[in-house]
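Values in this document were obtained by computation on a predicted structure and should not be read as measured data. In what follows, chains carry the letters A, B, and so on, assigned in the order in which the sequence lines appear, proteins first and then strands, with residues in each chain numbered from 1.
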Amino acid sequence: MLSIYNTLSRKKEEFIPLEAGKVKMYVCGPTVYDLFHIGNARSFINSDFIRKYLEYLGYEVTFVMNLTDIDDKIIKKGLKENTSAQLVAKTYTDEFFKDITTLGIKPATIYPRATEHIEDIIALIQSLVDNGTAYQSGNDVFYDISKFSTYGKLSGKNIDDLMEGARVEVNEAKKSPLDFALWKGAKEGEPFWESPWGKGRPGWHIECSAMSCKHLGKTFDIHAGGSDLIFPHHENEIAQSEASTGQKFVNYWLHFGFLNIDNEKMSKSLGNFFTARDILAKYSKETVRFFFAQTHYAAPLNFTSEGLDSSKRGLQKVQNLYERLLDLQQSAVSGGTQPDFNLAGYYQSVEEALNDDFNSPRALAVVFDFVRDANRILNETTNPAKEFVNEIMSFVQKIVIGIFGIVQLEKSNAADPTLENDLIELLISVRTQAKASKNFQMSDLIRDELKKLGIILQDSKEKTTYKKQE
RNA sequence: GGCGGUGUAGCCAAGUGGUCAAAGGCGAAGGACUGCAAAUCCUUUACUCACCGGUUCGAAUCCGGUCAUCGCCUCCA
């Protein structure tokens, strides 16, 4: 039984999808005005991991991630770079997909763009105007939060507190400082679409309500996003959608913890701002994914290079087992020894952990137990059956690769007969001869010099293998 | 000021009433294997869970208080 911590109820709840066997899930995607940063990457990776686990459980997941491709920041960037908002959005949408691919994230079922849903957005705003929840003021349309009695139910805020805390706003167009824009009238030189309220563009909050409804329906199962989006963004989405449809908007609200850098909020002014691309230049996607998975998705996470280095070293153990299994799949034969190994127990423990609100750190502890035990049994088994090796490998495939994505599939010593690899093999055979004649000075020299070139030799009883360092 | 998160070994991080003298990773120490390494395996590394008080037969886990820290309340994953 899967349970999920629901921000709305502030409790873990048993997950029951609207439709048996299917999950409709929406995650707030990026505003495409720049490369996404490592904090974004955490949310994207965690939503990917959750989606993959749901699929592992057998659910058919409709996974929607929106792209905000029209927004103040995009317009501003266009002006600054003397280009169009449209081109800025196009550029960073392309870059977004590149980074998503680099991170090993499975593509969403659909990536709806705000600019491709203007009609839906206008229709939604119109319904709110028609039922009196929204009002036009000049060329803008605002949501009247006084008309939505449960406003604040997600974030636990009440309107009076918000009013007290509200910064003094000089916008006299709004009835209340807390009202927010659904439609923004176009100013000179800004991109616009025609609407019943004149030329303009959608506000940020409304697009998620419109696009989630269009692609997932009036009510859907899971809505996820960064914890900073709880208020006002998700609060506003509920207000918009529920006021329009009269139905519950989302059953499970799931929020990702924030990522700090060296205990400080990441910001460009502090000089501790890292794009996902910056990090991926130094660390593999597997290391980054593993680093994130070692902390529960909802907990705050402090991002340090020490932490990443530690993850990188820890992950090597898993990678080594994977490569050991690859070799064994080549050499093992049917009819070998079939040792006792309680594989089902590891699957069960992983599922128990992940069923408990996607507890990835606990699941990874099981993975490490599995790695240790698998190594031990392989050490003890002289001639393991091919079937056994395949069973062990399938755990790695389904859990470690399928859900977490933390194994590099390419072996570090690619088997291609390149000149380089041939030369390494040659040196290894020279060294083997040297060892046979107890010329250890020579054999150590070869090993040390190869190490300097990033090639690590490992002797086993039968043969010497090598791997290349990253 | 309002709301929320976090505080567990040198570092990271699970655990939310007994099976906890607290998982897992990194680091460290010792051992097996090895010509020596590497890889792998074995052993050790928190009598203690920010602090104080309370509830309970029993608390890291519940309650009250204190302190520290991060975030949201304005665009933000």
Query raised in the report: Centre of Phe192(A)'s six-membered ring, under 6.0 Å away, within 45 degrees of the axis: is that where NZ or CZ of Arg201(A) sits?
Result: no
| message | For a quick check of understanding: with a heavy-atom distance under 4.0 Å over all strands, which category does Phe368(A) fall into, base, sugar-phosphate or nothing? | response | sugar-phosphate
Asn320(A) side-chain N/O to A39(B) phosphate OP1/OP2 under 4.0 Å = no
As its Watson-Crick or G-U partner within any shown strand, both distances under 3.5 Å, A32(B) has U40(B)
Here the distance between atom C1' of A14(B) and atom NE2 of His296(A), to the nearest Å, is 11 Å
Determine the contact category for Leu315(A): base if any of its heavy atoms lies under 4.0 Å from a base atom, sugar-phosphate if only primed atoms, P, OP1 or OP2 are that close, otherwise nothing.
nothing
| task | Please state whether the rings of His205(A) and His233(A) are parallel, tilted or perpendicular, taking 30° and 60° as the class boundaries. | result | tilted
Using a heavy-atom cut-off of under 4.0 Å over every strand shown, decide if Arg42(A) touches base, sugar-phosphate, or nothing. nothing
Taken to the nearest whole Å, OH/Tyr466(A) to C1'/A39(B) is 17 Å
>> Over all strands shown, is Asn46(A) touching base, sugar-phosphate only, or nothing at heavy-atom distances under 4.0 angstrom?
In response: nothing
Rounded to whole Å, CG of Asp262(A) lies from P of C12(B) at a distance of 11 Å
Between Gln408(A) and Tyr322(A), a side-chain donor and acceptor under 3.5 Å:
no
*asked:* What's His37(A) touching, base or sugar-phosphate or nothing? Going by heavy atoms closer than 4.0 Å.
replied: base
Counting the atoms with a prime plus P, OP1 and OP2 as sugar-phosphate, which does Ser155(A) contact under 4.0 Å by heavy atoms, base, sugar-phosphate, or nothing?
sugar-phosphate
Just N and O in the side chain of Lys317(A): are any of them under 4.0 Å from OP1 or OP2 of C26(B)? yes
For this session: Could you tell me whether the phosphate oxygens of G24(B), OP1 or OP2, come under 4.0 Å of any side-chain nitrogen or oxygen in Arg362(A)?
Result: no
To the nearest angstrom, the CG-P distance between Asp228(A) and C72(B) comes to 7 Å
By nearest-nucleotide position on RNA chain B, the 5'-leaning member of Glu306(A) and Arg324(A) is Glu306(A)
Of the candidates A13(B), C41(B), G24(B), the side chain of Asn379(A) sits closest to C41(B)
query = Heavy atoms under 4.0 Å, any strand shown: does Gly39(A) hit a base, just sugar-phosphate, or nothing?
reply = base
Subject >> base_contact_polar (C36(B) base, Arg447(A) side chain, donor-acceptor, <3.5 Å) >> reply: yes
Please determine whether a side-chain nitrogen or oxygen atom of Arg372(A) lies at a distance below 4.0 Å from atom OP1 or OP2 of U40(B).
no
>> Please tell me if Asn263(A) has a side-chain N or O lying less than 4.0 Å from either OP1 or OP2 of C70(B).
In response: no
In whole angstroms, the gap separating C1' of G25(B) from CG of Asp309(A) amounts to 14 Å
- Does a side-chain N or O from Arg10(A) land closer than 4.0 Å to OP1 or OP2 of G5(B), or not? no
G1(B) -> Watson-Crick or G-U wobble partner, both distances under 3.5 Å, gives C73(B)
- request: Check whether the side chain of Asn260(A) and the base of G71(B) form a donor-acceptor pair under 3.5 Å.
  value: no
NA contact type, Asn375(A), heavy-atom cut-off 4.0 Å: base, sugar-phosphate, or nothing? sugar-phosphate
Quick note, Ile456(A) side chain, CB onward, closest among A13(B), A38(B), G24(B) is A38(B)
Rounded to whole Å, the CG-P distance (Asn40(A) to C75(B)) equals 17 Å
Shortest non-hydrogen pair, Glu14(A) vs Tyr252(A), comes out as O-OH, 2.8 Å
Assert: residue with more 5' nearest nucleotide on RNA chain B, out of Gly314(A) and Phe231(A), is Gly314(A)
Are Asp459(A) and Lys435(A) ion-paired here, with the side-chain N under 4.0 Å from a carboxylate O?
yes
Within the 4.0 Å heavy-atom criterion, would you say Lys265(A) contacts the bases, only the backbone, or no part of the nucleic acid?
base
At under 4.0 Å between heavy atoms, what does Leu457(A) touch on the DNA or RNA strands: base, sugar-phosphate, or nothing?
base
Margin query: Ring-plane angle category for Tyr346(A) and Phe395(A), please: parallel below 30°, perpendicular beyond 60°, tilted otherwise.
Written below: perpendicular
Check: Which is true for Lys435(A) with a 4.0 Å heavy-atom rule: it touches a base, it touches only sugar-phosphate, or it touches nothing?
Finding: base
* To do: Examine the base of C36(B) for any acceptor or donor lying under 3.5 Å from a partner atom in the side chain of Asp459(A), and report the outcome as yes or no.
  => yes
Any side-chain donor near an acceptor of the partner, Gln316(A) and Asn320(A), under 3.5 Å:
yes
